[in-house]
Amino acid sequence: MKLSEEQKKMPDGSKPEGALNEFIELLKKNKKSLAVIIVTAVVLLGIGILLGSLIGKKSGGKDATQEQSQAAATQTQSTEAIPNVPMEVNAYPEINSLMKKYYNAAAEGDMETVKSLKDYSDQAELLRIQEKSKYLESYDDINCYTKPGPIEDSYVVYVTYYAKFHDIDQKVTGLNTYIVCRKADDSYYIHDCSEDESMKEYRTNVTKQDDVVDLFNRVQVEYNEAVTENEELAAFLTDLSEKLKTAVGDALAEAETTVETESAEEEAQEPADNAGEAASSKVRATDVVNIRKSDSETADSLGKAQVGDEFALLENRANGWSKIDYNGQEAYIKSEFLEAVPEEPQDTGDGNAEAGNEADNAGNAGNTPDTDNTDNTGNNSQPDTPGAGDGAPSANVPNSGTYRLTTTVNIRKSASETAERLGVGYYGDEVEILMKQADGWTKVKFKGETGYIKTDVLK
């Protein structure tokens, strides 16, 4: 069969589709139309790409805005993690019952009950409560002010009370702070915060809230008025603070001596790691630490060792204390704050700084239990001990003029913790403020003599 001319032009010899063939022929005859179609397609494609890009940017911008909003919300939530809600007064009968039981047991010296109501009790704390009970008749008019706690079913509890002592007619007010938590059986207990930094920080932040500060101020003012107007009460509380410190220190020292004696035979056959080191060996302080008169955290402070101060080591004791030579006398430092000094000869640091607390009683927070302020509210060191007082701010110290002391302080001849002591100012004594110095000391006139007091102790 003879092929037509159109069939010969097809690669496979087949006949082209009629519609397609006609379209191609039309394009060949209308080249201008073809160009217009191509340009239009390109323009439409460009517009599509541009629109897609704009939509993508808008979506991305929205996502970024959402992320920023979420980040801001997270930050706000973190800042507002501690709710600032009004205090409730005696709102939880179970908590009131717990605290009344605790304070009654403390007043009676019932240490088994005291221990059963807390998840932990330090030995020094228990000794203080027991010793103080010898002077107490009762804790009266106990009220509980509560704020939400850091975990579910927990509360920050501020307990106000009046302490009645034997042979003292006037009662004295006080305030303590606690964290109270609920057990699975719905009973409540007092949580010890001494080793729980997160709980402690939460409690501190809540205590800064305005209504709590107002409560502390009210109690502080009432306390100040009581001891200012009643010299017998003021003298009794000052004397009691010293008696408690001495009694607790002696009891701890005796207990540690007993433990040493009992363990001596067991260790007799074992080579001592550090005990009995030659007197010529030296140790170096690795932190700022109190130097004590005996191996007890409640013993009198002889001074404070600074980082790097070196001492002749007399004995490394099994109870965690090291006996050292301090200015020619025997003294003690917790072994954990000391390190051995290399054998090469070096000058021995005298470590003669006074303890950081210039105050002899607990108007100021300290790192050891010897800062008991009896029933004053100006102390934050023993917040879970009935009657120890807790955290109310003292009056602001003026730049000049007369100032009434709110705690016991040492008055020095010069602006130095190692300077000779002119005397001791007690609660209620008046000093004349001469000048607040930039070195952290305040120049005062006390009983006709010019001396110096650590400024931070006055506050």
Side-chain angles (χ1 to χ4, degrees), residues 242 245-246 248-250 252-254 256-257 260 274-362 364 366-371 408-425 437 439-441 446 449-457:
E242 292 300 319
K245 182 169 67 174
T246 301
V248 173
D250 291 346
L252 286 175
E254 182 178 352
E256 289 171 354
T257 301
E260 272 187 68
N274 295 310
E277 291 188 44
S280 59
S281 64
K282 296 177 182 178
V283 288
R284 180 188 298 123
T286 59
D287 201 348
V288 178
V289 59
N290 287 319
I291 302 170
R292 301 286 181 182
K293 191 172 183 179
S294 65
D295 52 348
S296 167
E297 290 183 349
T298 59
D300 290 341
S301 174
L302 299 175
K304 180 171 286 189
Q306 304 297 319
V307 177
D309 285 348
E310 296 179 7
F311 308 90
L313 177 66
L314 303 180
E315 180 185 0
N316 197 321
R317 310 190 77 170
N319 62 356
W321 289 82
S322 290
K323 183 193 293 186
I324 62 166
D325 181 358
Y326 175 65
N327 291 343
Q329 62 177 319
E330 294 181 356
Y332 296 83
I333 294 179
K334 293 278 278 187
S335 301
E336 63 188 279
F337 300 112
L338 298 173
E339 64 179 8
V341 176
E343 291 295 327
E344 61 268 22
Q346 296 182 12
D347 293 335
T348 303
D350 58 7
N352 56 2
E354 282 285 329
N357 273 349
E358 273 291 301
D360 288 335
N361 78 349
N364 307 279
N367 60 349
T368 60
D370 62 2
T371 55
T408 304
V409 298
N410 288 321
I411 301 171
R412 304 283 178 181
K413 272 192 174 181
S414 61
S416 170
E417 292 176 337
T418 58
E420 183 180 347
R421 188 168 62 181
L422 281 177
V424 178
Q437 301 181 169
D439 60 0
W441 289 83
F446 178 68
E449 293 190 81
T450 300
Y452 297 82
I453 299 175
K454 289 279 283 185
T455 302
D456 58 0
V457 173

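When side chains are defined from C-beta on, Y326 counts as touching L302, because their heavy atoms get closer than 4.5 Å. The shortest distance between side-chain heavy atoms of D300 and K245 falls below 4.5 Å. No side-chain heavy atom of F311 sits less than 4.5 Å from a side-chain heavy atom of K282. Taking 4.5 Å as the limit, every side-chain heavy atom of D295 sits out of range of all side-chain heavy atoms of K323.
Donor-acceptor pairing under 3.5 Å is lacking for the side chains of S414 and S416. Side-chain contact of S294 with S296: a donor-acceptor pair under 3.5 Å is absent, judged by distance alone.
A search for side-chain contact (heavy atoms from CB on, under 4.5 Å) contacts involving T246 returns D250, not counting sequence neighbours. Scored by the side-chain contact (heavy atoms from CB on, under 4.5 Å) test, E420 finds K413 as partners (sequence neighbours excluded). Take E339 and apply the side-chain contact (heavy atoms from CB on, under 4.5 Å) test, not counting sequence neighbours, and it matches R284, T286.
Side chain of S322 to main chain of N316: no donor-acceptor pair is present (N/O by atom type, distance under 3.5 Å, no hydrogens or angles). Although no hydrogens or angles enter the test, the distance criterion places a donor-acceptor pair under 3.5 Å between the side chain of S335 and the main chain of G320.
Interatomic distance, NZ of K454 versus CG of N410, reported as 12.0 Å (0.5 Å rounding). For the atom pair D309 CG and I324 CD1, the distance stands at 9.5 Å (nearest 0.5 Å). Between atom NZ of residue K334 and atom CG of residue N290 there is a gap of 11.5 Å, rounded to the nearest 0.5 Å.
For the residue pair Q437 and Y452, the shortest heavy atom distance occurs at OE1-CE2, 3.2 Å. Among all heavy-atom pairs drawn from S301 and R292, the shortest one is CB-NH1, 3.8 Å. The two residues A331 and I291 have their closest heavy-atom pair at CB-CG2, 3.5 Å.
A side-chain contact (heavy atoms from CB on, under 4.5 Å) with Y332 holds for exactly one of E315, K293, R317; it is R317. Checked options D287, V289, V283; the residue passing with L338 is V283 (criterion: side-chain contact (heavy atoms from CB on, under 4.5 Å)).
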